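Just so you know, these numbers come straight off a predicted model, no measurement behind them. Protein chains get the first letters and strands the later ones, always in sequence-line order, with residue 1 at the start of each.
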Number of protein chains: 2
Amino acid sequence: MHPYESIRTEMLRRINDQSWPAGFTLPREEDLADEFGVARGTIRRALASLSEAGLIERKRRAGTRVVDRRGHRSTLTIPIVRHEIEARGGRYGYQLICVDEAAASPLDPALFDGAPLRHVRCLHLSDGKPFQLEDRLINLDAVPEATDETFETISPNEWLVQRAPYSFIRTALRAERAHQIDQDHLGLEAGAPVFVIERQTRFRDAPLTAVRLSNRADEFEIITESGDLL
Amino acid sequence: MHPYESIRTEMLRRINDQSWPAGFTLPREEDLADEFGVARGTIRRALASLSEAGLIERKRRAGTRVVDRRGHRSTLTIPIVRHEIEARGGRYGYQLICVDEAAASPLDPALFDGAPLRHVRCLHLSDGKPFQLEDRLINLDAVPEATDETFETISPNEWLVQRAPYSFIRTALRAERAHQIDQDHLGLEAGAPVFVIERQTRFRDAPLTAVRLSNRADEFEIITESGDLL
DNA sequence: AATTTCAATATGTATAGACATATTGAACGC
DNA sequence: GCGTTCAATATGTCTATACATATTGAAATT
């Protein structure tokens, strides 16, 4: 075990047993370095790790404080559907439903304040069965190449990942009653639950795309594991 | 802008425009240091950041490779209900429903292979209205203090956060049709959708607790924003 | 062919010293 | 009182060097 790890473990202990209670300001890095008998860099390595994990907050001049834990943090990965399906051993299928019927979209075009938009609705299938319905708006000012793309054989999801780097994402996860379009394309009865992922991406303040992905609740879940410190 | 940031930006550019395609092995740190005219530490700082973001993978001796992007990663925080409710300006309320009726739990006791368990079911209210139903199993071997706790005034959630450090969490997010208990306690009709968070925590391989949190779908969503690099 | 051994190598960690810079809290002027 | 100025300070960054160590790929052995 490396010095910075044992130091981190000791710090964790102090946080857990309240020697360093929530809100407490830790000693300065140099003092900690003295206490533990290591260089400042090593202390910083330990603190960086705790900061990463969300247990402490660091601010210049103000010092390092123990965070008042307001929840569990974890990193979640929302997979590209095709990979998700193939990982489960299914055969991936893609089907375009319609293009440029934006009026029918469950997404709010106001997000793009007036920019010209492309609307795509398509279906991702697992072994020929509907798995995920995708409803997407694309900002043609930001991604002009999308004007000439028909999306007949490639899903906008994959098309965009290849082409458009983003700098900001906002993702919302919800449970919803199936909309009419969900019922039609995912083969659900009225009122059935769907798991909805809604995502907006921007690149330097320009909204690129917004998407609503709806999944049959009986076949979809998101799992995240975090084997933390200690 | 610091040197390591501009270097990271340039590396990002190379990844995005495929100069460094997925699977590509980057030059060694020292060569990069030469190329960019900085110390190795500065290169490491930039690479650490990209590694964090999941864009590259690093392995000793094997080098650094560009990851084949399989999805969007983001950090999500599942808040403690009380804070969630108060943040929305609601008045938090807590109500114990029953203790030690494990047979009725939607959770699988097999997770704890035979350890003695405590079962708690309770309700979190916002302005007196049901908001979240909590169904929890606690491993009494791992958290013996729970034997004498009645949970009449404090929720097991908060009680545990204070007491039991964990080293591993697994969280699952699902949309479900309301169970009978969801209908009864959240005031839902049969078939209504609920947003379910299921979490298991362990400490050094000992399962500590498992919990199912169900929320009215019409009042609950999880949002994560990640203002990434660039 | 299968297994073991082993040295080369790229990343990981630690040190120590220098400088940069956001923030704070106090002193100052209005 | 109220805003402004400014120096002190703790964290952030960078450099240069040394050593540690997991992995690999090839050579040696079974």
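A salt bridge does not link Arg163(A) with Glu149(A): none of the charged nitrogens is closer than 4.0 Å to a carboxylate oxygen.
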Ignoring hydrogens and angles, write down the donor-acceptor pairs under 3.5 Å from the side chains of residues 30-39 of chain B, residues two or more places apart or on other chains.
| from | atom 1 | to | atom 2 | distance (Å) |
| --- | --- | --- | --- | --- |
| Glu35(B) | OE2 | Arg14(B) | NH1 | 3.4 |
| Glu35(B) | OE2 | Arg14(B) | NH2 | 2.7 |

Side-chain donor/acceptor pairs under 3.5 Å, residues 75-91 of chain B, sequence neighbours excluded:
| from | atom 1 | to | atom 2 | distance (Å) |
| --- | --- | --- | --- | --- |
| Arg82(B) | NE | Glu158(B) | OE1 | 3.3 |
| Arg82(B) | NE | Glu158(B) | OE2 | 3.0 |
| Glu84(B) | OE2 | Arg88(B) | NE | 3.4 |
| Glu84(B) | OE2 | Arg88(B) | NH2 | 3.2 |
| Arg88(B) | NH1 | Glu219(B) | O | 3.1 |
| Arg88(B) | NH2 | Glu219(B) | O | 3.2 |

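Near-neighbour residues of DNA chain D inside residues 25-32 of chain A, defined by a heavy atom below 4.0 Å, number-ordered: Arg28(A), Glu29(A). Near DNA chain D, defined here as any heavy-atom distance below 4.0 Å, the residues from residues 44-67 of chain A are Arg44(A), Arg58(A), Lys59(A), Arg60(A), Arg61(A), Gly63(A), Thr64(A), listed numerically.
Aromatic ring pairs are classed by plane angle as parallel below 30°, tilted from 30° to 60° and perpendicular above 60°; the pair Trp159(B) and Phe151(B) is perpendicular. Relative ring orientation between Phe131(A) and Phe220(A) is described as perpendicular, the plane-to-plane angle rising above 60° on a 0-90° scale split at 30° and 60°.
Nucleotides of DNA chain C lying under 4.0 Å from heavy atoms of chain B occupy a range whose first and last members, 5' to 3', are dA8(C) to dT13(C).
Screening residues 48-60 of chain A for salt bridge (charged side-chain N to carboxylate O under 4.0 Å, His left out) gives Glu29(A)-Arg58(A) as the qualifying pairs, with residues at least two apart or on separate chains.
Surrounding CG of Asp205(A) are at most 12 heavy atoms belonging to other residues, nucleotides or ligands under 6.0 Å away.
For the 3.5 Å distance criterion, the side chains of Ser74(B) and Thr171(A) fail to qualify, holding no donor opposite an acceptor.
Regarding Arg40(B), its CZ atom lies at a distance of 13 Å from the P atom of dT15(D), rounded to whole Å.
Each of Ala39(A) and His2(B) was matched to the nucleotide of DNA chain C holding its nearest heavy atom; the match closer to the 5' end belongs to Ala39(A).
By the 4.5 Å heavy-atom criterion applied to side chains, Pro156(A) and Glu134(A) are counted as neighbours.
Shown here for Pro21(A) and Val66(A), the closest heavy-atom pair between the two residues is O-CB, 3.4 Å.
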